[in-house]
Amino acid sequence: MKGHEAKMPRMEDILNLPVQDPPSAEFSAAHLNWIQVEGGRQGGDNIALIPYTRVDDFVKGESGNAECPASFRVESRRKRTEGSVSKPRVDGYLEYTLYWCSYGPEDYRDTESGGDGPNNKPASGKGSRPGRRHMMRGCLCHFTVKRLYTRPFLALIIYNQRNHVDKTGAPCHGMLDQDALGTRAMYAPRISEELRQKVMSMLYVGMSLDKIMQHHTGEVERHGGPHNRDDFLTRNDVRNMERLVRNSSHELDGSDELSVKTWVHRHQKHVFFFQDRSGSEPFILGIQTDWQMQQMLRYGHNGSVASHSAFGLKKLKYPLCSLLVFDSSRNAIPVAWVITSCDVHLDSSKWMVPLVDRIRTKDTGWRPNAFLLDDPSFETSIIRETFRCRVLVCLWHIRRAWVKSLLKKCCNFEVQREILKHLGRILYCTRSISNTLDSVEELTQIFIDQCAFINYFRSQWLPKIELWVNSLRTLPVASQEPYSAIEAYHLRLKSKVFNELCSSCWQRVDWLIHTLTTEFHSMYWLDWYTVETAYFENPRDWSFSMNSWYQAMHIPDVDVLLDEQNLQFAKVISQSDRTLVYTVWNPGSEFSLCDCPWSRLGNICKHIVKVTILCKDRQVARPLLAAQVYRQTLLNLLQNPPDDPLVLDHAILHATRLQQDIKALEDLSNSGLLPPLPTDTNSQTTDNLLLFPRFQ
């Protein structure tokens with residue numbers, strides 16, 4: 001859609017203008033309808049209203065002008081606080097920002113040719129731009145953005161000069177400038193943010209300058225020579241960025257609190273929520289880079305979003321909560337980080353809402369299929385309303401804690417298997433909390449000789465068990481496949497953050513922020529770039545990025561020995577040594593256990609995941625505990641219908657809702673998120689629904 005102009009008599013009527021929000025991720029002046037204002041301070045200028053959250057998208061779109069590639073810098077900026085103006089003008093601002101094309105306004109072209117142009121400024125002192133004189137070509141293209149005082153969610157764009165021309169009215173750079181042909185002035189004055197992110201990521205993961213330049217030169221040659229400013233990347237550009245990496249420090253101030261505030265001020269576009277600690281209000285910081293936003297848009301839509309919460313609860317000053325999505329290689333990618341001084345679930349709506357709003361400003365139809373929740377203390381209603389999707393319980397955290405403790409405190413493998421089975425029964429207890437406590441008591445009596453683990457369970461998990469049991473009564477449970485991807489993320493995060501060399505910094509929030517947004521972020525960016533382009537296979541850390549979910553997909557079905565008549569265990573032939581065979585006990589269950597070295601460390605191995613997938617495909621596993629919960633609830637309602645008509649109607653409604661939940665579970669199973677509900681002859685769920693036609 002090409003922009004056009006219409007006449008409007010008064011600046012005072014700007015609030016009657018339509019708010020324009022183009023659907024594309026980035027947009028330019030050509031995508032907007034412009035109004036020419038007659039009179040007022042901005043007489044003769046063109047104006048348009050857009051959402052304030054889309055200002056950066058407009059600036060990026062304007063920089064991508066095909067005829068005149070540019071880079072708009074902030075020439076000046078002013079801010080006001082709310083309430084500072086008693087009678088604000090209709091075009092009064094909270095924030096005022098002047099953007100100017102980086103090829104102006106000064107003109108040094110005459111100086112470069114030996115002349116003494118009238119627009120020249122001194123080489124040093126006031127008015128000079130050190131290191132930028134060669135770029136100045138007198139361009140007058142500029143626009144102003146006002147965040148309106150009376151409507152802070154709107155931005156008024158005032159385009160003062162839309163054409164990239166000098167004071168004579170002639171094109172001064174780009175394709176239309178004949179003097180610029182064959183020079184860098186044909187292109188944007190600076191490298192793009194995408195290339196800057198790429199080079200910085202390579203530097204953070206330890207790639208040498210020579211390797212970066214070799215890779216870049218090869219890319220330019222492959223697409224037939226230079227076509228834009230990025231293709232002119234020089235060794236000096238990389239050295240400058242290398243110097244930034246080398247000199248960067250997490251400690252922007254001696255005070256951790258002030259250092260964090262300084263970082264937030266400098267990186268506002270990467271902060272989707274910030275609340276400083278004061279009085280009863282906790283510290284909350286939500287971080288999402290542009291690349292993370294792109295991955296959330298790409299893989300979160302019609303996919304799954306998973307929480308990885310309470311990381312570093314004992315070692316870090318404030319714990320870290322990560323939101324993850326799963327890419328085509330089944331790797332978990334962090335798409336947002338939340339650092340908070342309180343339990344992350346207590347003020348979840350404060351940061352969840354702005355995060356999802358930020359995503360939906362880019363794609364109004366963005367919607368995940370499911371949210372995998374690893375902390376039952378979250379308000380599931382808030383998640384449903386915000387993400388507009390189903391909420392599933394993710395048992396990865398509790399399973400890993402139990403298994404690792406079992407392996408540490410109990411040496412007998414058979415006893416470990418039996419304890420794990422009993423723990424599963426406790427977790428899925430559906431009748432009452434007293435019954436849950438009875439199950440716990442039964443566990444302690446049967447395994448009375450396992451004092452170390454029983455004491456651990458009583459002290460660490462007994463206070464929380466009711467919360468977990470209640471969540472499993474009301475929410476479906478995700479299958480094990482995503483657990484291994486979340487586990488791979490957890491191990492990678494742990495190896496980077498809890499490096500003993502950095503132990504002195506664990507109590508500083510600014511260090512955690514710096515580590516996440518530089519080195520850790522760069523590792524995931526490089527993984528993504530490697531998958532997308534097939535470059536840099538060697539530096540990629542396969543031990544972390546190749547998680548068990550991905551590895552399981554490469555185990556042939558014929559290497560799995562599964563006796564459908566005896567589902568006590570399954571055998572899986574090792575892929576690295578064909579003489580080895582590993583045993584997976586309780587196959588297809590959420591509490592499977594394998595005797596391979598990786599599983600014996602408390603991890604979910606590829607053999608467990610492969611057997612789970614195979615059981616699901618063949619529909620031969622025993623009914624999962626999650627499915628049994630739904631079946632038992634339905635049977636209770638069907639076999640004991642209440643006499644009171646009102647209660648009966650409520651029971652019918654509840655049973656119908658459960659039936660819909662089961663159908664939704666089947667749909668999720670088909671998408672790979674859940675194991676299928678059992679369809680064997682022993683399952684009575686479907687048949688029992690037919691006994692009471694009003695349930696249909």
Side-chain angles (χ1 to χ4, degrees), residues 272-273 286-288 292-293 295-311 320-327 330-338 340 343-360 362-399 467-468 470-487 489-490 549 590 626 657 660-675:
F272 63 85
F273 183 79
I287 302 172
Q288 184 182 61
Q292 287 179 306
M293 180 191 293
Q295 305 313 302
M296 192 168 184
L297 285 165
R298 179 178 178 181
Y299 295 114
H301 181 59
N302 291 330
S304 300
V305 178
S307 65
H308 176 271
S309 55
F311 175 82
L320 171 68
C321 175
S322 306
L323 292 189
L324 312 172
V325 296
F326 305 97
D327 66 10
R330 296 172 175 81
N331 291 312
I333 300 176
V335 292
W337 291 301
V338 180
T340 174
D343 289 338
V344 70
H345 67 274
L346 293 179
D347 292 293
S348 57
S349 61
K350 285 186 177 180
W351 58 266
M352 275 190 184
V353 172
L355 172 62
V356 175
D357 287 347
R358 174 188 175 100
I359 294 297
R360 290 192 174 127
K362 301 293 184 181
D363 181 0
T364 55
W366 183 87
R367 183 177 179 178
N369 278 335
F371 189 99
L372 311 186
L373 183 63
D374 71 337
D375 184 350
S377 56
F378 272 88
E379 283 288 341
T380 54
S381 58
I382 294 176
I383 299 175
R384 286 195 190 98
E385 292 171 6
T386 305
F387 285 87
R388 302 174 193 168
C389 68
R390 296 181 56 79
V391 179
L392 280 67
V393 177
C394 177
L395 297 178
W396 170 82
H397 176 74
I398 192 171
R399 181 196 184 279
L467 188 63
W468 279 98
N470 287 336
S471 69
L472 295 180
R473 289 174 184 165
T474 57
L475 296 173
V477 181
S479 65
Q480 290 191 57
E481 292 95 318
Y483 294 6
S484 55
I486 298 172
E487 180 178 79
Y489 170 79
H490 173 82
W549 190 7
E590 293 96 331
R657 189 172 298 165
Q660 294 170 350
D661 283 341
I662 291 175
K663 178 62 171 65
L665 283 170
E666 293 173 347
D667 294 340
L668 286 170
S669 174
N670 293 334
S671 68
L673 283 173
L674 290 172

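Distance alone, capped at 3.5 Å, places no donor-acceptor pair between the Y483 side chain and the R399 backbone. Remark: the backbone N or O of C394 is not paired with any side-chain donor or acceptor of D374 at under 3.5 angstrom. D347 places no side-chain N or O within 3.5 Å of a backbone atom of K350 that could act as its donor or acceptor partner. A donor-acceptor contact shorter than 3.5 Å links the side chain of R360 to the backbone of W366. Using modelled atom types, no side-chain atom of Q295 and backbone atom of P334 make a donor-acceptor pair closer than 3.5 Å. Remark: the backbone N or O of H301 is not paired with any side-chain donor or acceptor of R367 at under 3.5 angstrom. Checked by atom type and distance alone, the side chain of T386 never pairs as donor or acceptor with a backbone atom of I383 at under 3.5 Å.
Note that CD of Q292 and CD1 of I359 are 10.0 Å apart. Values are rounded to the nearest 0.5 Å. The line from CD1 of I333 to CG of D327 is 4.0 Å long, rounded to the nearest 0.5 Å. One distance of note links OG of S309 with NE2 of H397; it measures 7.0 Å at 0.5 Å rounding. Atom CE in M293 sits 8.5 Å away from atom CG in L355 (nearest 0.5 Å). Distance check: L472 CG to N470 CG gives 9.0 Å after rounding to the nearest 0.5 Å. Between C321 atom SG and D343 atom CG the span is 11.5 Å, to the nearest 0.5 Å.
Contact detail for F273 and P354: the closest heavy-atom pair is CD1-CG, 4.0 Å. Contact record, P368 with C389: O-CB, 3.2 Å, taken as the closest heavy-atom pair. Closest non-hydrogen pair, S471 versus V393, comes out as O-CG2, 4.0 Å.
The shortest distance between side-chain heavy atoms of F272 and D357 does not fall below 4.5 Å. Considering only heavy atoms from C-beta on, L373 stays 4.5 Å or farther from L392 through its side chain. Residues L324 and V305 fail the side-chain proximity criterion, which asks for heavy atoms closer than 4.5 Å. Between L323 and S307, the closest side-chain pair of non-hydrogen atoms falls below 4.5 Å. You'll find the side chain of L475 stays beyond 4.5 Å of the side chain of V477, heavy atoms only. The shortest distance between side-chain heavy atoms of T380 and F371 does not fall below 4.5 Å. At least one side-chain heavy atom of F326 sits less than 4.5 Å from a side-chain heavy atom of I486.
A search for salt bridge (charged side-chain N to carboxylate O under 4.0 Å, His left out) contacts involving D375 returns nothing, not counting sequence neighbours. With sequence neighbours left out, R298 forms a salt bridge (charged side-chain N to carboxylate O under 4.0 Å, His left out) with E532. H490 is linked by a side chain to side chain contact (heavy atoms under 4.5 Å, CB included) to H308, F311, W396, R400, K494, counting only residues two or more places apart in sequence or in another chain.
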task = Go through the steps for R390 and R384 under the test side-chain contact (heavy atoms from CB on, under 4.5 Å), then give the verdict.
result = CA-CA 6 Å; R390 296 181 56 79; R384 286 195 190 98; over 6 Å; no
request  = Check the pair N331, Y489 against side-chain contact (heavy atoms from CB on, under 4.5 Å), reporting the backbone distance first and the verdict last.
outcome  = CA-CA 8 Å; N331 291 312; Y489 170 79; over 6 Å; no
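Under the 30°/60° scheme for interplanar angles, the aromatic rings of W351 and F378 are found to stand perpendicular.
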